[in-house]
Amino acid sequence: MNLTEVILEEGKKLHCSEAITLEELAFPFGTYPITKKSPLELDVTNEGDKKLKLEGSISLEAEVPCDRCLDPVAVPLDISFDLELDMKLSDEERHEALDESDYLHGYNLDVDKLVYGEALLAWPARVLCRDDCAGLCKVCGQNLNRKTCDCDRTDLDPRMAKIRDIFSMYKEV
Ligand SMILES: [Zn+2]
Ligand SMILES: [Zn+2]
């Protein structure tokens with residue numbers, strides 16, 4: 001997306017609806033396919049003094065494995081942001097000042113990179129298929145939401161092991 005028109009005229013406001021081509025969110029901690037996406041709705045305003053205001057919103061849905069059982073979960077991301085860009089700075093100075101991803105090169109705005117950065121900020125701290133997800137058996141890997149198993153899982157929890165030691169001490173006396 002080219003911002004020349006709005007950069008050159010103080011007070012100018014531009015609204016646009018931009019399709020993003022991003023197919024997945026490749027974060028440092030995992031890559032998640034995007035299963036639904038709305039266009040990015042973006043308002044760009046020239047506020048004078050070479051400052052640009054970017055107000056945008058986009059709805060995404062990504063497929064993410066449940067933190068406990070690894071089943072795929074559809075995670076909705078309703079993202080909205082409000083950014084100010086100082087066009088007096090060079091690309092390099094701006095990146096350093098705002099510690100932002102490099103979504104702006106000269107007068108060109110890379111909407112995919114912008115959405116990627118905002119999705120990272122909006123990313124949920126944890127993803128569960130349901131609040132009471134029982135997870136996987138640590139011994140046999142069975143998904144405990146679907147079926148239980150007969151594995152003895154107590155040995156795997158050090159706190160439980162301590163409690164059992166105390167009980168067995170009493171039994172011996
Ligand atoms: Zn789960
Ligand atoms: Zn098991």
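In listed order, ligands and their atoms are each counted from 1. Atoms considered below: every heavy atom in the structure, side chains included; atoms not considered: hydrogens, waters and symmetry mates.
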Q. Would you call the rings of Trp123 and Phe27 parallel, tilted or perpendicular if under 30° counts as parallel and over 60° as perpendicular?
A. perpendicular
**Q.** Option passing salt bridge (Lys or Arg N to Asp or Glu O under 4.0 Å) with Lys37 (candidates Glu23, Glu61, Glu24, Glu18)
**A.** Glu23
Q. What angle, in degrees and rounded to 10°, do you get at the Zn ion (ligand 2) when you join it to SG of Cys140 and to SG of Cys151?
A. 110°
Q) Vertex the Zn ion (ligand 2): angle to SG of Cys137 and SG of Cys149, to 10°? A) 100°
Q.
Whether Asp71 and Arg146 form a salt bridge (side-chain N of Lys/Arg under 4.0 Å from carboxylate O of Asp/Glu) is what I want to check.
A. yes
Q: Might you work through the salt bridge (Lys or Arg N to Asp or Glu O under 4.0 Å) test for Lys53 and Asp82, ending with a clear yes or no?
A: CA-CA 7 Å; Lys53 195 179 167 81; Asp82 192 341; 3.4 Å; yes
Q: Using the Zn ion (ligand 1) as the apex, give the angle to atoms SG (Cys66) and SG (Cys133), rounded to 10 degrees.
A: 110°
